[in-house]
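Encoded as structure tokens, the structure appears first; notes follow it.
These figures come from a predicted structure and were not determined experimentally. Indexing begins at 1, ligand by ligand and atom by atom, following the structure's order. Numbers here simply count residues along the sequence, with the first being 1.
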Amino acid sequence: MSRSESAEIRHARTGLVFRPGLEGVPATQSSICDIDGHEGKLSYRGYALDDLAAHCSFLETTYLLIWGELPTPQQLRDFEHEVQMHRRVSFRVRDMMKCFPSDGHPMDALQSSAASLGLFYSRRAIDDPQYIYDAVVRLIAKIPTMVAAFQLIRKGQDPIQPRDDLAYSANFLYMLTEREPDPLASRVFDRCLILHAEHSLNASTFSARVTASTLTDPYAVVASAVGTLAGPLHGGANEDVLAMLDEIGTADRAADYLDAAMASKRKVMGFGHREYRVKDPRAVILQTLAEELFARFGHDEMYDVARALEVAAESRLGPKGIYPNVDFYSGLVYRKLAIPRDLFTPVFAIARVAGWLAHWREQLGANRIFRPSQIYTGSSMRQWSPLEDRLPSAST
Ligand code: COA
């Protein structure tokens, strides 16, 4: 089915219309993020993403997303300080993580550990502004610590404690790699977090809002969103992009690969987006970040393959409005930052927790529990029969 003729099913009895995936159906009102998919523009709270990525830090952007305004210098200092003070996780959480299977997926480890925070901070007072502030600070502070902790635990090592003298992104890279990162690497990573922090009502954010609408605690909200992000149709496409670039191998084979993929109706990873008909504005910035890293730390030949693929796709997929999306260059950036491939989606979660929490607050501000209707397609009323009289039906 093509984009223009997505399915719409009308129920004969009730007249209700069902659109699979709720495509094009507004499910909420929001003042957090705006996407112009034809112009390739993205803004958070009315500020262009380009400006935020160029001039702000991730924590500054997080503050903007969650509280609606850019922080003053004092507000930012206070927020950074609070986050820094709450980076550590309880030894009980670390001990729990040591019991996780070392070959388990880091997203499953993150979902479980995020949910466990609800046990440690069990007071649920979601109409208390101080409770909301504290929960925001804890989640923003502890999610990176838990991602890094599982990385070391699964290698049989003890997690590294956060370092108070390092800023948010530098500290995460330090906890992950056990080395103090180069300032350029930290700045590039921080900008990646800004680019991934929010993207309107995607599947995980919708999941967060549905969970929030039951008035449960924010740890459950984030845990449900992490679980949703873990699916391959949402997070994770950047891992697939690297696998595809590996398979192509060299730049001169990119056009042939593309032709073969199109002939067999295979999707080209890192291309296409439900919202964009032009190159994803995040991909534009990520490409420049990748180039900055290559200029400083050495070229990656996989980038030549990616560029050749993008050029070849211009004439083949461009006319259908299919261009590189956020995942096309992000994997190349993370690879240069020495982030293991199966941590790409947890890194996405570190960023997106800002957006989820912004939507949590917005949902609480005008809450109505999500309870959509359905179109029943089951059997009409049937006669019950005693157990001994039943025969197997054709379908069992
Ligand atoms: N490669 C080749 N063709 C693609 C394509 C891709 N990556 N993405 C979409 N198309 C084509 C489809 O084959 C279809 O063609 P048709 O109309 O001739 O049948 C048309 O574009 C519409 O595709 P559809 O799957 O309906 O678009 P969508 O808006 O529902 O899908 C994605 C959006 C992101 C799911 C889809 O583009 C995709 O699977 N991309 C690859 C995975 C990826 O990079 N995901 C990360 C998203 S951030």
> Salt bridge between Glu239 and Arg341, side-chain N to carboxylate O under 4.0 Å?
Replying inline: no

> Would you call Lys336 and Asp300 a salt bridge, using N to O less than 4.0 angstrom?
Replying inline: no

> If you count the non-hydrogen atoms of other residues, nucleotides and ligands that lie under 6.0 Å from CZ in Arg390, is the total more than 12?
Replying inline: yes

>> At less than 4.0 angstrom from any non-hydrogen atom of Arg274, what atoms of ligand 1 do you find?
In response: 28 (P), 29 (O), 30 (O), 33 (C)

>> Quick check on contacts: which atoms of ligand 1 are under 4.0 angstrom from a heavy atom of Gly272?
In response: 34 (C), 37 (O)

>> When you measure from the centre of the six-membered ring of Phe370, is the NZ or CZ of Arg209 closer than 6.0 Å and no more than 45° off the axis?
In response: no

>> Out of Lys267, Glu23, Arg282, who is nearest to atom 38 (C) of ligand 1 when you count heavy atoms only?
In response: Lys267

> What about Gly270: any of its N or O atoms under 3.5 Å from an N or O on ligand 1?
Replying inline: yes

>> For the 3.5 Å polar cut-off, considering only N or O atoms, please tell me whether Asp327 and ligand 1 meet it.
In response: no

> Can you check whether Phe271 has an N/O within less than 3.5 Å of an N/O in ligand 1?
Replying inline: yes

>> As an exercise, identify every atom of ligand 1 less than 4.0 angstrom from a heavy atom of Lys320.
In response: 15 (O), 16 (P), 18 (O)

>> Check whether Phe328 forms a cation-pi arrangement with Arg282 (NZ or CZ under 6.0 Å from the six-membered ring centre, at most 45° off the ring normal).
In response: no

> With a 4.0 Å heavy-atom cut-off (strictly under), which part of Val268 contacts ligand 1: side chain, backbone, both or neither?
Replying inline: both

>> Testing Val333, Leu289, Leu286 one by one against Arg191 for a side-chain contact (heavy atoms from CB on, under 4.5 Å), which residue passes?
In response: Leu289

